[in-house]
A.B. asks: 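Next up is a structure, given as structure tokens.
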There are 2 protein chains.
Amino acid sequence: MVYRRSLLMEERLANNRDRILAATRKLVAEGGFREAQIAAVAALTGVSTGMIYRYFSSKAELFVEVLGAAVGAEIEILTEIAQGSGSASERLSAAVTCFVRRALKGPNLAYAFVFEPVDPEVDTARLRYRKKFGNVFKAILVDGIEKGDLPDQDPEASAACIVGAFTEALVGPIGPTTRNMHDRERLVESIQTFCLRAVGGAAKQEGAAEPTSAPALSSDPD
Amino acid sequence: MVYRRSLLMEERLANNRDRILAATRKLVAEGGFREAQIAAVAALTGVSTGMIYRYFSSKAELFVEVLGAAVGAEIEILTEIAQGSGSASERLSAAVTCFVRRALKGPNLAYAFVFEPVDPEVDTARLRYRKKFGNVFKAILVDGIEKGDLPDQDPEASAACIVGAFTEALVGPIGPTTRNMHDRERLVESIQTFCLRAVGGAAKQEGAAEPTSAPALSSDPD
DNA sequence: CAAAAAAGTGAATACAAATTCAAAAATTGA
DNA sequence: TCAATTTTTGAATTTGTATTCACTTTTTTG
């Protein structure tokens with residue numbers, strides 16, 4: 001053989017993959033999964049449609065990976081908060097606030113990731129991810145209940161409720177509507193209070209934790 | 001003209017329409033919107049595909065109508081509870097419990113109506129309906145806040161949170177999983193407690209209201 | 001019954017997008 | 001530069017349904 005993948009080529013391939021992912025992510029952020037057709041992704045990436053299939057075996061796989069990356073980043077941030085110091089109530093407040101704020105910053109992407117209908121395969125993945133979000137909250141709850149910080153309750157159910165609560169409260173605002181900052185913060189607070197009270201936590205504690213790590217639910221990952 | 005629609009024919013037409021709706025509903029209940037293709041609906045109804053288009057201008061319209069009917073029935077039941085006597089807390093508990101129980105009875109249909117991805121037109125309708133559910137709860141909250149029964153809060157946001165909470169908590173159980181009665185009732189209670197506490201309501205009051213009207217979130221509307 | 005009109009049929013068509021694949025371009029090492 | 005090999009291309013194919021429409025059947029009334 002006279003051809004063996006050079007290092008340079010190796011790099012380019014990896015680079016291509018990343019560019020495809022980035023393009024998909026951007027399209028999803030702008031117009032939801034709906035707008036991220038293979039042809040569009042290819043065009044934005046600057047390659048042919050066939051190329052996409054060299055890197056991803058199907059559109060669903062591509063989507064799942066994009067979804068997974070974005071969600072993974074969020075989970076990481078939340079997990080950090082969940083494992084931080086402070087009472088369960090404080091951590092819960094911080095986590096909810098953090099998630100909601102970030103979602104409001106990248107509304108389209110958040111909508112796509114949380115709600116937008118795609119195909120079954122992607123939806124299955126989404127369900128898994130939602131569950132993951134739930135687990136972060138569940139951990140906080142379990143800890144709080146154990147320490148007597150929170151009243152006894154089914155942490156599984158409560159965690160699901162929490163995820164559902166802020167998620168649904170976001171659907172409206174998350175749409176094309178561009179709310180102003182004031183409204184947003186008000187919403188953040190409403191949701192936070194709701195969730196905290198829901199699990200029987202102590203009254204809120206403003207200005208807790210909340211690391212300001214890299215944005216992930218906004219279109220440009222700079 | 002030598003032909004004018006007789007009363008009998010009029011009836012048959014209306015009957016056909018209903019049968020199409022019923023067939024669609026049944027298919028959705030069994031396999032989600034996914035399984036309710038025009039061909040399948042036609043077959044189950046016992047008519048040709050072309051017939052469907054005599055009664056509904058598109059599949060989306062058919063779906064929206066099915067969705068609307070089912071949701072409308074639920075809304076009616078909830079509204080009755082919301083307008084009933086009793087404290088806001090009691091009515092809220094009753095409404096949540098009622099919805100969750102009914103959803104658990106017809107899991108597939110509930111899933112389809114609450115979550116299953118279809119097409120944009122249907123999804124838009126679904127959003128509207130979700131909002132409607134929210135409004136029922138909002139009414140209870142506003143009333144409760146006014147009467148000093150519940151602490152001050154943004155009823156809009158809280159209502160959305162409530163809908164999101166029980167909805168999300170249902171997703172898991174709503175799947176193919178067939179939980180037993182005990183688990184179910186436990187879930188119902190967890191959700192109810194969560195929601196009630198979330199809005200700052202008084203501790204629950206077992207066995208309140210809950211009219212046992214006709215089932216609607218179960219496949220057969222007998 | 002016969003003609004007029006509507007209801008009903010279902011094979012053919014339209015369609016939108018994902019996926020493939022034969023050919024073209026690019027890369028590599030001698 | 002050349003031959004071997006891989007990467008890339010994008011038009012053609014596939015796929016799965018929704019939708020249409022020319023035709024058949026039924027209904028109605030004179």
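Note that the coordinates shown come from a computational prediction; the quantities given were computed from them, not determined experimentally. The chains referred to below are lettered A, B, ... by the order of the sequence lines, with proteins before strands, and numbering in each begins at 1.
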A.B. asks: So, B:K131 and B:E156, do they make that salt bridge, N to O below 4.0 Å?
C.D. replies: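 A salt bridge links B:K131 with B:E156.
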A.B. asks: Check whether any side-chain N or O of B:S48 sits under 4.0 Å from OP1 or OP2 of C:dG10, and answer yes or no.
C.D. replies: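 The answer is no; no side-chain N or O of B:S48 sits under 4.0 Å from OP1 or OP2.
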A.B. asks: Going through the distances and angles, do A:F63 and A:E121 end up as a side-chain contact (heavy atoms from CB on, under 4.5 Å)?
C.D. replies: CA-CA 9 Å; A:F63 281 1; A:E121 202 175 325; over 6 Å; no
A.B. asks: Checking all strands, does A:M51 fall into the base, sugar-phosphate, or nothing category for heavy-atom contacts under 4.0 angstrom?
C.D. replies: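 Since a base atom lies under 4.0 Å of A:M51, the category is base.
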A.B. asks: Quick one: is C:dG8 close enough that its OP1 or OP2 comes under 4.0 Å of any side-chain N or O from B:Y55?
C.D. replies: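 B:Y55 to C:dG8 OP1/OP2: side-chain N or O found under 4.0 Å.
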A.B. asks: For a quick check of understanding: with a heavy-atom distance under 4.0 Å over all strands, which category does A:R12 fall into, base, sugar-phosphate or nothing?
C.D. replies: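 Sugar-phosphate contact only.
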A.B. asks: Angle class for the A:F166/A:F137 ring planes (parallel below 30°, perpendicular above 60°, tilted otherwise)?
C.D. replies: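 Answer is tilted, since the angle falls between 30° and 60°.
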A.B. asks: Is there a side chain to side chain donor-acceptor pair (under 3.5 Å) between B:N16 and B:R19? Walk through the geometry before answering.
C.D. replies: CA-CA 5 Å; B:N16 277 348; B:R19 277 169 50 228; 2.8 Å; yes
A.B. asks: Specify the residue among B:Y53 and A:R54 whose closest nucleotide of DNA chain D lies further upstream toward the 5′ end.
C.D. replies: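 Residue closer to the 5' terminus by nearest nucleotide: A:R54.
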A.B. asks: Looking at A:N16, does any N or O in its side chain come under 4.0 Å of the phosphate oxygens OP1/OP2 on D:dT8?
C.D. replies: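 Indeed, a polar side-chain atom of A:N16 lies that close.
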A.B. asks: Measure the distance from CD on A:E35 to P on C:dA16 and round it to the nearest whole Å.
C.D. replies: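 Going from A:E35 (CD) to C:dA16 (P), I get 14 Å.
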A.B. asks: With a non-hydrogen cut-off below 4.0 angstrom, is A:L13 in contact with a base, only sugar-phosphate, or nothing?
C.D. replies: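 Sugar-phosphate contact only.
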A.B. asks: Nearest whole Å is fine: how far is C:dT19 C1' from A:F63 CZ?
C.D. replies: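 Going from A:F63 (CZ) to C:dT19 (C1'), I get 14 Å.
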A.B. asks: What integer distance in Å separates A:N15:CG from D:dT8:P?
C.D. replies: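 Nearest whole value for this atom pair: 11 Å.
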A.B. asks: Which residue, B:A39 or B:M9, contacts DNA chain D at a nucleotide closer to its 5' end, judged by nearest heavy atom?
C.D. replies: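 Going by which nucleotide is closer to the 5' end, it is B:A39.
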A.B. asks: Within this structure, what is the NZ-to-C1' distance between B:K59 and C:dC15, rounded to whole angstrom?
C.D. replies: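 Atom NZ in B:K59 sits about 14 Å away from atom C1' in C:dC15.
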